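Remember, it's 1-based here, ligands and their atoms both numbered in the order they're listed. We're numbering straight along the sequence, starting at 1. The structure displayed is predicted, hence computed values, not measured ones. Side chains are part of it too, since the values below use all heavy atoms of this structure and drop only hydrogens, waters and symmetry mates.
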Amino acid sequence: MSSPCLFCRIASGEIPAKKLYEDDEVFAFWDISPQAPTHFLVIPKKHLSGPEAISAEDEALIGKVVRIGAQLARENGAEHCRLAMNNGAEAGQTVFHLHLHVLGGRPMSWPPG
Ligand code: AMP
Ligand code: ZN
């Protein structure tokens, strides 16, 4: 039976996405509703519902997600970028598979809305 999780299904190739990067642990794809000229998502293939679900054994994996996010940003014209994870519905999380937003290509304001 396939996973009910949208991003698990994207990482497995079951649902098509505009893939940017893939290895055995990490998958990156362009956001379907970009909020900046460069806006992609980096996810672990392992299903974690969000930052709250990270355990000690996942620390290297999540470090890799961040490293690859910054590297892909540099390769896609967004060396200066915002790396963001929404943690929980009130913080704006709508998909409950941990994902790193990488946004760039325009000046970023602070604080975010
Ligand atoms: P969040 O609100 O932090 O949970 O972010 C979820 C992100 O996933 C949003 O920026 C959506 O635009 C994006 N998204 C939702 N469905 C898809 C999809 N099928 N392909 C690519 N990005 C998606
Ligand atoms: Zn998932």
Under the 3.5 angstrom rule, does the side chain of [X] hit a backbone N or O of [Y] as a donor-acceptor pair?
| X | Y | value |
| --- | --- | --- |
| Gln93 | Val95 | yes |
| Asn76 | Leu72 | yes |
| His101 | His99 | no |

Per-atom contacts of ligand 1 with [X], taking only distances under 4.0 Å to non-hydrogen atoms:
| X | value |
| --- | --- |
| Leu6 | 16 (N) |
| Ser33 | 12 (O) |
| His101 | 1 (P), 3 (O), 5 (O), 7 (C), 10 (O) |
| Ile10 | 18 (C), 19 (N), 20 (N) |
| Trp30 | 21 (C) |

Practice prompt. List the closest protein heavy-atom neighbour of atom 9 (C) of ligand 1: residue, atom name, distance to the nearest 0.1 Å.
Written response: Asp31 OD2, 3.4 Å
Fill in: Top protein contact for atom 23 (C) of ligand 1, by heavy-atom distance
Ile32 CG2, 3.4 Å
Against ligand 1, does [X] come closer than 4.0 Å with any heavy atom?
| X | result |
| --- | --- |
| Phe96 | no |
| His99 | yes |
| Gly92 | yes |
| Gln35 | no |

Supply the atom-to-atom distance [X] [atom1] to [Y] [atom2], rounded to the nearest 0.5 angstrom.
| X | Y | atom1 | atom2 | result |
| --- | --- | --- | --- | --- |
| Arg106 | His39 | CZ | NE2 | 9.5 Å |
| Cys5 | His97 | SG | NE2 | 5.5 Å |
| Ile68 | Glu22 | CD1 | CD | 11.0 Å |
| Leu100 | Leu83 | CG | CG | 5.0 Å |
| Phe96 | Leu6 | CZ | CG | 12.5 Å |

Worksheet, complete the sentence: For the Zn ion (ligand 2), angle spanned by His97 ND1 and Cys8 SG (nearest 10°) is 110°
Worksheet item: If you look at His47, which of its N/O/S atoms is nearest to the Zn ion (ligand 2)?
Response: ND1
Discussion item. Looking only at distances, can you tell me whether any N or O atom of Val95, backbone or side chain, sits closer than 3.5 Å to an N or O atom of ligand 1?
Written reply: yes
Practice prompt. Return yes or no for this condition: an N or O of Gln93 is under 3.5 Å from an N or O of ligand 1.
Written response: no
Using a heavy-atom cut-off of under 4.0 Å, does the side chain or the backbone of [X] touch ligand 1, or both, or neither?
| X | answer |
| --- | --- |
| Phe29 | side chain |
| Phe7 | side chain |
| Ala17 | neither |
| Ile15 | neither |
| Thr94 | both |

Side chains of [X] and [Y], heavy atoms from C-beta outward: is any pair under 4.5 Å?
| X | Y | value |
| --- | --- | --- |
| Asp23 | Lys64 | yes |
| Leu48 | Ile62 | yes |
| Arg82 | Gln35 | no |

Worksheet item: Would a line drawn from the ring center of Phe27 to the ring center of Phe7 be shorter than 6.0 Å?
Response: no
